[in-house]
Engineer: 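Can you read through this structure? Questions will come right after.
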Amino acid sequence: MEFSIKTGAPEKQKTGCAVVGVFESRKLTAPAEALDKASKGHITGLLKRGDHDGKAGNTLLLHDVPGVAAERVLLVGLGKAEEFSAKAYRDAMAAAMGALKKTAAKDALVTLTEADIKDCDVRWRLRQAAMIAEEAAYRFDQLKSKKDDNNLLPERLAFTAPAKDATQAEAGLQQGRAIALGMNLTRDLGNLPGNICTPSYLADQARALARQYKLKCQVLERAQMEKLGMGALLSVARGSHQPPKFIVLEYRGGKAKEAPVVLVGKGITFDTGGISIKPAPEMDEMKYDMCGAASVLGSFKACAEMKLPLNLVGLIPTTENMPGGGASRPGDIVTSLSGQTIEILNTDAEGRLILCDALTYAERFNPDCVVDIATLTGACVIALGHVATGLLANNDELAGELLECGQRAHDRAWQLPLWEDYQEQLKSPFADMANIGGRPAGTITAACFLARFAKKYTWAHLDIAGTAWRSGKDKGATGRPVPLLTHFLLKRAGRL
Ligand code: BES
Ligand code: MN
Ligand code: ZN
């Protein structure tokens, strides 16, 4: 999609559709009023008939409004003016995109971006606008032999802003576009099935990204991982015919000596559970078990598109979790890269096994902080549903920063405690620790396991099991938590 900023009078713009907001009840926004004036009261006349009252989410499409250059005018309800919030803005923008899809307009002028919202500047409004538009335009049809060409968004979208805000508006729009590109990559990789999106495929994607944006990319093969001693990661890979990969990406936009932010993404390209095999229903959704990895790649894409002035390292341990003849048996004990030994009581708790070696590997970058992203526990879905990502951290300042950035991005997380008391549950009679801590507090004990490998730096863990994809009729990857992560990077780069 093509985005632009327009600062002129909305009634004079030649466009397939002019989108204007109306508050409850029938209170026109400034752009709507401009169109009403140009049409000599045509819009207020229509509103009086009662077809549209400004209720949130309501839309009404008008054709050939006299005195207006646009072919169509779309009225979008904004709800009560005094209650207009960030959420109402996002909902109105999404409703507008939904209605635009049903028109044949080839371009549109969206004026909703002019609305004032408390604590949300023009940069935020345009950033969100671009993200919501791309979100609405997204489809995953690369594996369908016939594409459906109904319901397409206009190719070109212009958003309006007051002339004095044009520079900030343009900056926000470009950020939103970059974040959306990152999210689209994350969604595509997530939606690809396990027979296509293998560890080797992810490595190829990382290499392609590195070529496109001049990043450093190194892919460690099984032999190199063996030499390093990544016994935990390798134990998961032994049940599969697909070779495991350990992807290292480096983006250097900051000063040479500046400590990097390290992102670690779980890259299980399919999780059968291994010998502790999962039940059949919905097992297909375990192709999404690499969404942490995909969110790292998506965040790198966005960061490189925005040319952020910071240093970023991405680590992606990636393998399948299959029940092959070489697979771990419950009770097996393996030695991690850190030297700590692990009793594998459940082979389905494999995410932490590949992440722990990546967390140890992260030490060599002397990170400013490390954030890992993983579809780690079903328990997180039970605790927080599909709304909030689970957040656990060994540093409350970092946790606070991530929570705040999630709010701003509308990609929210919620913190759970990482108290020492929970470590009890990981005790093993035979090894330094077990890889499971029983049913209670499953998300917390999983993070407690990881915390044992993240002692040397500031670290946070995002459990995205409930937020990385949707099930049911709208099944598909969401692109989360790329908005949260990219807002965090924007903040760190002083660009938020
Ligand atoms: N990838 C799953 C977590 C998961 C399950 C995410 C369902 C989304 C939906 C993970 O590898 C896993 O299997 N975790 C186990 C851990 C348990 C064995 C301690 C789980 O949550 O059941
Ligand atoms: Mn599992
Ligand atoms: Zn898993």
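All heavy atoms count here, side chains included; hydrogens, waters and symmetry mates do not. Both ligands and their constituent atoms are indexed starting at 1 by order of listing.
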Engineer: To check your reading of the model: name the closest protein heavy atom to atom 14 (N) of ligand 1, its residue, and the distance in Å.
Structural biologist: Leu376 O, 3.4 Å
Engineer: Taking the non-hydrogen atoms of Lys278, is any one of them nearer than 4.0 angstrom to ligand 1?
Structural biologist: yes
Engineer: Could you go through the side chain to side chain contact (heavy atoms under 4.5 Å, CB included) check for Arg452 and Gln423 one step at a time?
Structural biologist: CA-CA 9 Å; Arg452 295 179 181 223; Gln423 289 286 357; 2.8 Å; yes
Engineer: Would Arg238 and Asp332 pass as an ion pair if we require N to O under 4.0 Å?
Structural biologist: no
Engineer: Is there a heavy atom of Trp469 sitting under 4.0 angstrom from any atom of ligand 1?
Structural biologist: yes
Engineer: Can you tell me which residue and heavy atom of the protein come closest to atom 16 (C) of ligand 1, and the distance to 0.1 Å?
Structural biologist: Arg352 NH2, 3.9 Å
Engineer: Please list the nearest protein heavy atom to atom 21 (O) of ligand 1 with its residue and the distance rounded to 0.1 Å.
Structural biologist: Gly378 N, 2.7 Å
Engineer: Considering only non-hydrogen protein atoms, determine which one is nearest to atom 9 (C) of ligand 1 and report residue, atom name and distance to 0.1 Å.
Structural biologist: Met286 CE, 3.6 Å
Engineer: I need the atoms of ligand 1 closer than 4.0 Å to a non-hydrogen atom of Ala465, numbered in the order shown.
Structural biologist: 6 (C), 8 (C)
Engineer: Tell me if the aromatic rings of Phe246 and Tyr361 count as close, with their centers under 6.0 Å from one another.
Structural biologist: yes
Engineer: Give a yes or no on whether a salt bridge exists between Lys455 and Glu363, defined as a side-chain N under 4.0 angstrom from a carboxylate O.
Structural biologist: no
Engineer: Identify the two heavy atoms, one from Arg187 and one from Ala477, that lie closest to each other, and give their separation to 0.1 Å.
Structural biologist: NE-O, 2.9 Å
Engineer: Give a yes or no on this: more than 12 heavy atoms of other residues, nucleotides or ligands lie within 6.0 Å of atom CD of Glu420.
Structural biologist: no
Engineer: Nearest 10°: the angle subtended at the Mn ion (ligand 2) by Asp271 OD2 and Glu350 OE1?
Structural biologist: 100°
Engineer: Could you list the atoms of ligand 1 found under 4.0 angstrom from a heavy atom of Glu350?
Structural biologist: 11 (O)
Engineer: Taking all non-hydrogen atoms of both residues into account, name the closest pair between Ser299 and Leu263 and its distance.
Structural biologist: CB-CD1, 4.0 Å
Engineer: Provide, to 0.1 Å, the distance between atom 1 (N) of ligand 1 and the closest protein heavy atom, together with that atom's residue and name.
Structural biologist: Asp289 OD1, 2.8 Å
Engineer: Quick one: look up the protein heavy atom nearest atom 12 (C) of ligand 1 and list residue, atom name and how far away it is.
Structural biologist: Asp348 O, 3.2 Å
Engineer: At less than 4.0 angstrom from any non-hydrogen atom of Ile436, what atoms of ligand 1 do you find?
Structural biologist: 19 (C)
Engineer: Should we say atom NZ of Lys147 is surrounded by more than 12 heavy atoms from elsewhere, each under 6.0 Å from it?
Structural biologist: yes
Engineer: May I have the angle between Asp271 OD2 and Lys266 NZ with its vertex at the Zn ion (ligand 3), rounded to 10°?
Structural biologist: 170°
Engineer: Any carboxylate oxygen within less than 4.0 angstrom of a Lys/Arg side-chain nitrogen, looking at Asp372 and Lys266?
Structural biologist: no
Engineer: Give the numbers and elements of all ligand 1 atoms closer than 4.0 Å to a heavy atom of Thr375.
Structural biologist: 1 (N), 2 (C), 3 (C)
Engineer: Evaluate Thr389 against Arg480 for side chain to side chain contact (heavy atoms under 4.5 Å, CB included), listing each step before the verdict.
Structural biologist: CA-CA 9 Å; Thr389 291; Arg480 292 177 70 183; 4.0 Å; yes
Engineer: Please work out, at 4.0 Å between heavy atoms, whether the side chain, the backbone, both, or neither of Lys266 comes within that distance of ligand 1.
Structural biologist: side chain
Engineer: Rounded to the nearest 10°, what angle sits at the Zn ion (ligand 3) between OE2 of Glu350 and OD2 of Asp289?
Structural biologist: 100°
Engineer: Identify the protein heavy atom lying closest to atom 2 (C) of ligand 1, giving its residue, its atom name and the separation to 0.1 Å.
Structural biologist: Asp271 OD2, 3.6 Å
Engineer: More than 12 non-hydrogen atoms from neighbouring residues, nucleotides or ligands closer than 6.0 Å to CZ on Arg412, yes or no?
Structural biologist: no
Engineer: Would you mind listing which atoms of ligand 1 come within a distance below 4.0 Å of any non-hydrogen atom of Asn346?
Structural biologist: 18 (C)
